[in-house]
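Read the structure below first, then the notes.
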Amino acid sequence: MNAKKLYIAMVGLPAMGKSTIANRLRGNLRKDGIRSRIFNNGDLRRKLATRDTSYPEFYDPENAEGVSLREKIAKANIERARRYLGKGGQVAILDATNVSLKRRETIAGLLRDHPILFVECFHQDDDILEASIERKIALPEFRHLGREAARESFKKRIKYYENIYAPLKKGRNFIRLDSLYNRIRQEELTDSLPYYEQVRDFIVTDTVRNLFLIRHGETYFNLENRIGGDSKLTGKGVSQARALAVHFRKRRIPVIFTSRKMRTVQTAEPIAAMQKDADIIPLAEFDEINSGGCECMSYEEKKKKKPEVYLAR
C-alpha cells in the first residue's frame, strides 16, 4: 500500500455543505503541492442521465430503477477515483451523500488499495439550509420548474435521503463535522493516514478570502435623526446601494448576510442583482438592539420626553 495516497469520502444530506468542504480541501491541498481531484456524483449524473433526474421520486429508496442508476453512477465515480490515484493522483475526494451504511460499505469494498477517510457534514441552522437549497435549485436541472415547485422538489429529495441516513458512529477513520461552525463533533482514527493533519487543519480553519462590512444606505429615519425602527432607504440611499453594486460587480460575492431590517435588505438587493447567483440571507442575529421606550424617537423627542435617558446617553 502506498502510504502517500488517500481517498476522502464525503457524507451527509443534501445542502449540508459537503461540496463547499470538498472544494476547500482540494484547493488547500493543491496549494501544498498535493495532487487532488473531486469526483462528484451529481455532476456525473447530470452528464450521463438521458432523462430528467431532478424529480424527487428518482431518489426514493423504493424506486428500484432510480436506485440502480444511482448505484451505477456511484460505482463509476469510485472507479474514476481509483484510476486517478493509480495514475499519479494523491488525494481523491468522493463528493456525494453516501448517507447509507450500504453505500459506505460499497466504497470500502471497492477501494482497498489506499486508506479512506469519511468526512460527514451536518448542521442544524434552518436559515443556512434554506439558502443552500436556493443555490441548489438555481442549477439547470431545475430550470423547467418554478421557484416554489423546485424548492419543494428538493426538500422532498432530502426527505428520501433522510429515510436511509445512517450517521457515522463507528468505523475505521472518520470525522463528523459541524459544517456551519467548522467544528469537529466526533473523530475516529484507526489507521495512520497520509495528509491527515493537513486535512484536519483545513477542515477546522475558517478561510475567508474576502469579507466586506457595509453599512446600509441613507434612510428616512437618518434624515429625521431617529433611532431604531424599520425605515426604508431614501432615494439617496438607493443610489448609494447601486454605487456599491457597481463597485463590487467585478468581485465574486456569493453570499450577502443582512439583518432582517428593510434598510439592509434594500442595500443588499442591487449588489446581488449584479452578481451571478448571489444569495441574500437575513439573520436575526444582525438586527440592532431594540431601543425600548425610545424606539423610533428622534434625539430631540428623547430629550423632551425622556431627559434622564438622553442625559445618561
Side-chain angles (χ1 to χ4, degrees), residues 15 20 123-139 142-143 145-152 154-155 180-181 206 208-313:
T20 299
H123 66 75
Q124 297 176 323
D125 191 292
D126 291 337
D127 290 332
I128 299 298
L129 176 60
E130 287 294 330
S132 297
I133 290 173
E134 286 296 321
R135 293 179 68 79
K136 292 289 186 182
I137 63 176
L139 292 170
F142 293 100
R143 203 166 280 160
L145 297 173
R147 187 169 180 175
E148 190 57 39
R151 185 185 296 110
E152 291 307 311
F154 197 85
K155 286 183 176 180
L180 180 58
Y181 296 104
D206 286 318
V208 181
R209 289 179 184 165
N210 294 297
L211 177 63
F212 303 98
L213 302 181
I214 300 172
R215 191 181 191 278
H216 60 79
E218 181 187 73
T219 71
Y220 288 102
F221 269 29
N222 291 151
L223 294 180
E224 297 168 5
N225 212 19
R226 297 183 183 278
I227 63 172
D230 195 14
S231 176
K232 293 182 178 181
L233 297 183
T234 63
K236 180 180 178 181
V238 172
S239 296
Q240 290 169 335
R242 289 172 181 163
L244 281 169
V246 171
H247 176 76
F248 286 112
R249 71 186 185 281
K250 293 184 179 179
R251 292 185 178 271
R252 177 76 179 99
I253 308 290
V255 183
I256 306 171
F257 295 100
T258 71
S259 71
R260 297 176 301 175
K261 302 297 184 180
M262 287 188 293
R263 55 188 178 269
T264 61
V265 175
Q266 280 186 296
T267 302
E269 285 172 342
I271 301 173
M274 285 196 179
Q275 295 287 319
K276 182 180 180 182
D277 300 327
D279 290 320
I280 298 173
I281 303 178
L283 297 175
E285 293 89 338
F286 283 4
D287 288 353
E288 68 181 0
I289 297 171
N290 188 281
S291 301
C294 297
E295 186 76 1
C296 301
M297 283 187 181
S298 70
Y299 286 101
E300 281 301 310
E301 287 173 335
K302 246 200 323 182
K303 188 175 182 179
K304 292 177 181 178
K305 298 179 180 179
K306 294 183 179 289
E308 72 288 352
V309 174
Y310 178 84
L311 290 172
R313 181 182 175 90

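Index from 1, following the sequence.
- The shortest distance between side-chain heavy atoms of T258 and T267 does not fall below 4.5 Å.
- Checked by atom type and distance alone, the side chain of E218 never pairs as donor or acceptor with a backbone atom of G235 at under 3.5 Å.
- Atom CD of residue E300 and atom CZ of residue R226 lie 11.0 Å apart, to the nearest 0.5 angstrom.
- Taking a 6.0 Å sphere around CD of Q124, one finds it holds 12 or fewer heavy atoms contributed by other residues, nucleotides or ligands.
- Of the inter-residue distances, the one linking K302 atom NZ with I227 atom CD1 reads 4.0 Å to the nearest 0.5 angstrom.
- Between K306 and M297, some side-chain heavy-atom pair lies under the 4.5 Å cut-off.
- Pairs engaging residues 246-299 under the ring pair (Phe, Tyr, Trp, His ring centres under 6.0 Å) rule: F212-F248 [sequence neighbours left out].
- Other residues, nucleotides and ligands contribute at most 12 non-hydrogen atoms within 6.0 Å of the OH atom of Y310.
- Under the side chain to side chain donor-acceptor pair (under 3.5 Å) criterion, the residue pairs touching residues 127-137 are E130-K155, E134-R147, E134-R151, R135-D279, with sequence neighbours excluded.
- With I271 as the fixed residue, the side-chain contact (heavy atoms from CB on, under 4.5 Å) test singles out one of L244, V246, I280: L244.
- Residue R260 holds its CZ atom at 4.5 Å from CG of D287, rounded to the nearest 0.5 Å.
- Side-chain contact check for N222 versus H216: some heavy-atom pair is nearer than 4.5 Å.
- With a 4.5 Å cut-off on side-chain heavy atoms, S298 and E224 do not count as touching.
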